[in-house]
Each structure stands twice: as structure tokens, then as C-alpha cells.
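Being a predicted model, the structure only gives us computed values, none of them experimental. Numbered from 1 within each chain, the chains take letters A, B, ... in sequence-line order.
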Amino acid sequence: MFEKIWARHVVAEGPGGHVLLYIDRHLLHEGTTAAFGRLARRGRRVRRPDLSFATADHYLLTSPGLPTSDAETRGMVEALGRHTADQRILYFGVGDPRRGIVHVIGPEQGLTVPGITLVCGDSHTATHGAFGALAFGIGSSEVEHVLATQTLWQKKPLTMRISVDGRLGPGVNAKDVILAIIAKIGAGGGVRHAIEYAGSTIRSMSMDERMTVCNMSIEAGARAGMIAPDKTTFAYIEGRPLAPSGEAWRTALAEWKALPSDPGAVFDREAQLAASEIAPTVTWGTSPQDALPISARVPDPAAVADPGRRESMARALAYMGLEPGTPLSDVTVNRVFIGSCTNSRLDDLRAAARIAKGRRAVVPAWIVPGSGLIKRAAEAEGLDRVFMDAGFEWREAGCSMCVGMNGETAAAGERVASTSNRNFEGRQGKGARTHLMSPAMAAAAAVTGKLTDVRTLGT
Amino acid sequence: MEPFTRVTAVAVPIDLPNIDTDRVIPARFLRKDRSVPEYSSFLFHDVRFTADGAERPDFILNQAPYRGARIVVAAENFGCGSSREAAVWALAANGFRSVIAPSLGDIFHQNCFKNGVLPVILPAEAAAGLRRQLHDRPGATLTVDLETQAVTAPDGAQHRFEVDAFRKEMLLTGRDEIGLTLGFETKIVEFEARHAREMAWAVPPRAST
Ligand code: SF4
């Protein structure tokens with residue numbers, strides 16, 4: 001599948017195995033504003049504004065009211081509005097119900113479809129690979145390059161297939177699958193690779209779940225993550241506002257059906273996981289690879305032979321304020337964050353609501369939907385009431401505490417049960433301690449005040 | 001972009017694997033313009049300074065022999081995580097010209113090339129050996145030579161490294177990559193015409209704003 005998409009987008013061959021790759025979609029957010037500025041200063045224009053789409057997600061506050069907390073970030077958001085208007089780029093700005101996290105609204109609007117190349121100045125762009133697109137994150141200079149030329153110089157990555165087969169147990173979902181994969185192959189295990197996720201477990205997932213899996217490909221170091229498109233994919237896309245329709249839909253569908261890898265396709269690397277071996281999972285350290293089943297205990301660095309690994313584990317535990325040997329289910333949390341491009345879609349909110357219903361949050365718990373439209377859809381189902389009755393805070397769409405660029409951070413020393421994708425030191429605020437987990441697990445932590453096996457609450 | 005040919009400078013060893021770009025530059029500084037005078041202080045900010053802004057003496061960049069370092073010798077997967085190019089900008093603002101490691105975060109690796117910083121991938125044992133020497137002889141210098149594709153260690157040993165011909169040329173000349181690509185205009189136009197015929201469905205309908 002990867003090879004097929006790659007081959008169709010080569011504009012020219014360069015030296016050293018580099019090719020000039022054509023880009024079908026370019027997604028932009030406030031963080032991209034600097035690239036617009038540089039482009040303008042050099043007197044260059046956006047080559048294909050019709051293939052570029054922008055939203056504001058990182059810097060807006062998710063509390064109702066003022067869009068940003070200070071003049072500096074307000075300036076960034078306003079500049080994006082100015083640049084996109086000037087270049088005639090479709091912008092889902094403040095007040096637009098379609099506004100939301102860039103990786104949530106691309107699929108939601110029908111911009112993300114199989115067989116295309118898609119880039120964004122954000123490392124979680126692999127999310128879009130869930131549709132069988134070749135999607136990867138780029139830096140600010142590359143954003144400027146795409147704006148000016150609609151192409152990128154790229155070297156072909158290696159390919160890896162990760163197959164997950166079997167039925168997931170109760171209380172186990174897509175987030176647990178990807179955390180288990182990263183724990184298995186390591187935070188650097190996918191470097192220089194494009195991963196294809198395959199197997200019966202992946203095929204039986206909804207699009208929302210597949211996006212959760214592909215989203216975290218970068219946490220294994222991979223350049224891209226993809227899943228072959230199938231009936232589930234096509235049903236999701238059909239009828240979305242910016243998806244192909246009419247004659248274009250029929251042609252596209254025929255091509256998409258031919259995209260999946262041929263049965264004998266060879267990958268540079270292969271890895272396998274059995275669904276039955278995956279449990280509800282939480283992280284204990286400061287790298288997404290530091291993940292264990294909730295039934296486990298905080299690991300002991302003394303038991304590790306490799307001195308480098310031992311030191312980094314000890315450092316992670318000191319930062320996290322954890323003692324080796326403590327049962328993970330004894331660890332108390334101060335806050336809960338349910339949101340981010342990993343887990344803020346309708347399936348995620350439903351899973352969290354099932355746990356919250358009829359219970360009561362004992363710590364501050366935020367629900368931050370991925371887009372304005374998801375927020376509305378959840379409200380139409382009454383999920384907002386479920387959450388509010390259970391004492392959760394129902395907020396506006398955005399990245400929020402996933403990265404805290406907008407000022408929504410946890411305090412130093414605070415322990416957060418979070419559905420986001422990174423537990424790095426300081427990611428959710430200076431000194432803040434993050435445990436990654438699924439939405440159901442995060443909701444369970446909210447109602448018990450500690451890391452909790454969601455299966456003990458009845459799923 | 002400042003070209004890169006050869007740099008001889010003090011090198012600083014960073015032993016922890018998986019140093020993410022959130023640690024290299026915390027998110028709250030990403031709104032800052034690169035031209036602000038305090039930009040260089042954002043590098044490794046939260047591990048380099050205490051809450052009241054004093055230097056942490058245990059952080060290696062604060063130790064006298066490494067202060068003038070312009071080369072980083074890191075462990076596996078340095079620069080993983082967020083795509084923020086500011087991680088490279090912050091390194092460059094402190095004078096760093098090269099990062100040597102057994103592996104680098106993919107996007108960080110690309111971002112280095114765009115900013116005149118040479119990423120060098122060496123086998124894990126070679127990188128570990130360099131770090132050991134730099135600990136044993138604080139303030140020792142390395143030479144990173146792009147033309148000959150070799151790193152010269154403090155003990156005089158030479159380590160060859162691979163670099164893509166394309167990226168090498170761009171760094172040696174300091175060329176503007178966008179300018180180069182715009183030279184492919186005819187090819188891009190041809191491609192777009194063919195693409196529009198063969199994959200017409202790939203262009204989204206114009207949405208009403
Ligand atoms: S939700 Fe988090 S990971 Fe996703 S785009 Fe926003 S900041 Fe990045």
C-alpha cells in the first residue's frame with residue numbers, strides 16, 4: 001500500500017535516493033504562522049491554496065469565553081486568520097463550529113481519504129494514515145516548502161508491518177493496543193519506518209479507534225502509520241462535506257479498493273501481537289514505551305541489567321514520584337484529562353461516559369472534545385449531561401492540556417490521568433506527572449481518584 | 001542557511017536515551033520569536049535552570065568545560081517526539097552545529113538539515129565511546145568533517161558516517177531548498193496536469209466558507 005501511494009506521487013528523482021514528492025493535502029494550525037511570515041518576507045505565495053486547510057487548536061482556551069489568554073497568543077491566532085484570508089485558504093477559525101484539533105477535523109470534513117499524501121506541521125499527522133493515506137508530520141521549514149511548492153524532498157522510509165490478531169478482552173481498546181505495541185517495539189523501534197497496522201483486531205476497529213492507533217505511531221518513532229482502507233473506511237467518508245462525491249466518488253472508490261497491500265507484499269520488518277495478551281494499560285514513566293498492564297507494579301530499576309536503561313528508569317521514577325514495587329492501582333491522581341487528537345472523538349467520549357454514568361468524579365476531570373461538531377454530536381446524545389451530572393467539566397474543542405500551549409497546564413507535582421499521547425517530563429506543565437491511558441480508564445481514575453482497572457467497575 | 005563544511009569544537013555528552021523535543025524546548029516557549037535576545041536560554045530550559053532562574057550546577061551544559069560546546073554527542077532516539085523545529089533553533093542559538101547519535105527522531109533529523117546543523121548517525125558503540133572520552137576529558141574537542149564524512153574523536157580515531165548526497169550538497173553550499181525546488185517548476189506543472197487527470201478525486205471540492 002505504501003509503495004503504491006509513494007509511486008503515484010513522485011514528481012522528480014533527485015540525488016541520493018531523494019524524490020520530489022507531491023503533496024495532496026496540507027493541514028495548518030496556529031503553530032504554522034511563522035512559516036507564512038517567512039514565505040511572505042521572501043515574496044513567495046502559496047502555490048495551491050485549494051489543497052491547504054487551516055484551523056486554530058493549540059493556543060485557544062477551551063473554557064467558554066475569551067479565545068486566548070494573552071495578547072501574544074491572540075496575535076498568533078489573528079495572524080493565521082490574516083494569512084489564510086490573504087492566500088484564500090479555507091480556515092476553520094474562532095466561532096466556526098467545524099473548528100477543532102487539526103487531526104480530528106481533517107477526517108471529519110472528508111479531507112482525509114485513502115491513497116493521498118497528507119502533511120501537517122505536527123508530529124501526530126500519522127493519525128490520517130488510518131484511512132490508508134500516506135500522512136506524516138513535518139517541521140516548520142518543510143511547511144514553508146510545501147506552501148511554496150506543494151512538494152517535499154523525501155527519502156523513502158523503510159516499511160514495517162505490525163499485525164494484531166484476535167479479540168480484545170472486555171475493557172481493552174485501541175489505546176491499550178497502541179500502548180502495548182510501543183512498549184513492545186520501543187520509543188525508537190519505528191525510527192525511519194512507515195508502519196502498516198494489520199490483522200483481525202485492527203480490521204474490526206471503528207475509524208475512531210483506528211485513528212487512535214495510527215496517531216501514536218510517532219511515539220514509536222515511526223514516520224507514518226497506516227491501515228488498509230475497507231468498508232469501514234468508505235462508510236465513514238461517504239457524504240462528508242469535502243469528500244469526493246458523484247462521479248468522483250465512484251472513481252475514487254474503485255481505486256481505493258485496489259490500495260491494500262498485495263498478499264505477498266514484503267516488509268522490511270514484521271512484528272506480531274496477540275489481542276488476548278493485551279490488558280488495560282497505563283504508563284508509569286516519562287516515555288510512552290514505559291507502559292504496563294494496570295495489574296502490574298511500578299518496576300524496579302535495580303532489576304535491570306543495562307546501566308543506561310537503569311539510570312533512565314530511576315530518573316523517570318524520581319520525576320514521577322513513584323516507588324518501585326507499588327501496585328499501579330494504588331497510585332492516586334490529582335486530575336483527569338480526557339481529550340487530544342488521540343482520544344477526543346465520539347467513540348472516546350461514549351466510552352468515558354459509560355464509566356462516568358451514575359458515578360461521581362472525586363478529582364477535577366476535564367472533557368475536551370476534539371472538534372465543535374463532536375461536541376454538538378455528544379450533546380445531542382446527552383453525553384454532556386452524563387459528564388456534568390458526574391461532576392466532570394464539559395469544555396470547548398482544542399488541544400488543551402495535551403500540550404498546555406494555551407496555558408491550560410497541570411501544576412508541578414500534580415499527577416494526571418490523561419488520554420493524550422505523551423508523558424514526557426513537563427509535557428502537561430512544568431513538573432506535572434502524566435499517566436497515559438484510554439478514555440474508559442481515565443474516567444475510572446476520575447471516579448476513584450486513583451489508577452483503576454476499568455474492569456473492576458464493570459464494563 | 002549557514003553552510004557546513006568542517007567544525008572542530010568542544011563536544012558535550014548527553015547520556016540519557018529518548019531525549020524528546022519537549023525537553024529540548026518546553027512548549028510554552030514556542031510562541032516566542034526566534035529573534036528575541038533570550039532565545040538561547042530556552043534550550044533545555046526546565047532541566048538547565050531552577051524555578052528562580054539560577055543555573056543547575058548538575059546540568060552538563062552549565063559545567064565550565066562544556067560551556068562553549070558546539071557539538072552534542074547523544075544516545076539513542078535524541079530529538080524524538082514533537083515536530084517543533086524550535087528544538088533545532090534553540091540548539092543553533094547556543095552555537096551548536098552538529099548532533100551525533102546512534103539514532104535521531106525522524107522529524108528532528110530533517111529539521112537539522114534545514115538549519116545548518118549536521119546530524120551524524122554513528123553505531124551505538126562508537127557514539128558511546130565518544131561520550132566516554134568526553135566525560136573522561138571534559139572540554140575535549142571533536143572534528144566533524146562533512147566533506148570527508150568523518151568524525152575525529154579526542155583520541156584521534158576516525159569514525160566514518162553516511163550522509164545522503166542530496167542533503168550533503170545542500171549543507172555544503174547552504175542553498176535555499178525552496179529556491180532549488182522552484183527550479184523544478186516545469187516538472188511540477190507537468191505532474192499536476194497528469195495528477196489532475198488520473199486522480200481528479202484527490203482535489204477536494206471548494207467548500208463554502
Ligand atoms: S492534541 Fe496534542 S498531540 Fe494532538 S495536535 Fe494537539 S497538541 Fe498535538
Taking NZ, NE, NH1 and NH2 as the nitrogens, is one of them in [X] or [Y] under 4.0 Å from a carboxylate oxygen of the other?
X: B/D164; Y: A/K155; answer: yes
X: A/R44; Y: B/D176; answer: yes
X: B/R28; Y: A/E72; answer: no
X: B/K187; Y: A/E13; answer: no

With a 3.5 Å distance limit and no angle check, can you tell me whether [X] reaches the backbone of [Y] through a side-chain donor-acceptor pair?
X: B/R23; Y: A/E425; value: no
X: A/R25; Y: B/A202; value: yes
X: B/E85; Y: A/S141; value: yes

Closest approach of [X] to [Y] (non-hydrogen atoms, all atoms of both residues):
X: A/A148; Y: B/L182; value: O-CD2, 4.1 Å
X: A/I138; Y: B/S83; value: O-CB, 3.6 Å
X: A/H9; Y: B/F191; value: CA-CZ, 3.8 Å

For this session: Taking the six-membered ring for Trp and the single ring otherwise, decide whether the centroids of B/F184 and A/W153 are under 6.0 Å apart.
Result: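 Yes - the distance between ring centres of B/F184 and A/W153 falls below the 6.0 Å cut-off.
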Problem set entry | Test applied, side chain to side chain donor-acceptor pair (under 3.5 Å); reference residue, B/R31; option that passes from A/T73, A/D70, A/T33 |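 Of A/T73, A/D70, A/T33, side chain to side chain donor-acceptor pair (under 3.5 Å) with B/R31 is met by A/D70 alone.
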Exercise. Of the backbone (N, CA, C, O) and the side chain (C-beta and beyond), which part of B/H109 lies under 4.5 Å from a heavy atom of chain A, both, or neither?
Worked result: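 The answer is neither part of B/H109.
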Problem set entry | Heavy-atom proximity to chain B below 4.5 Å, by part of A/H18 |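 For A/H18, the contact with chain B is made by the side chain alone.
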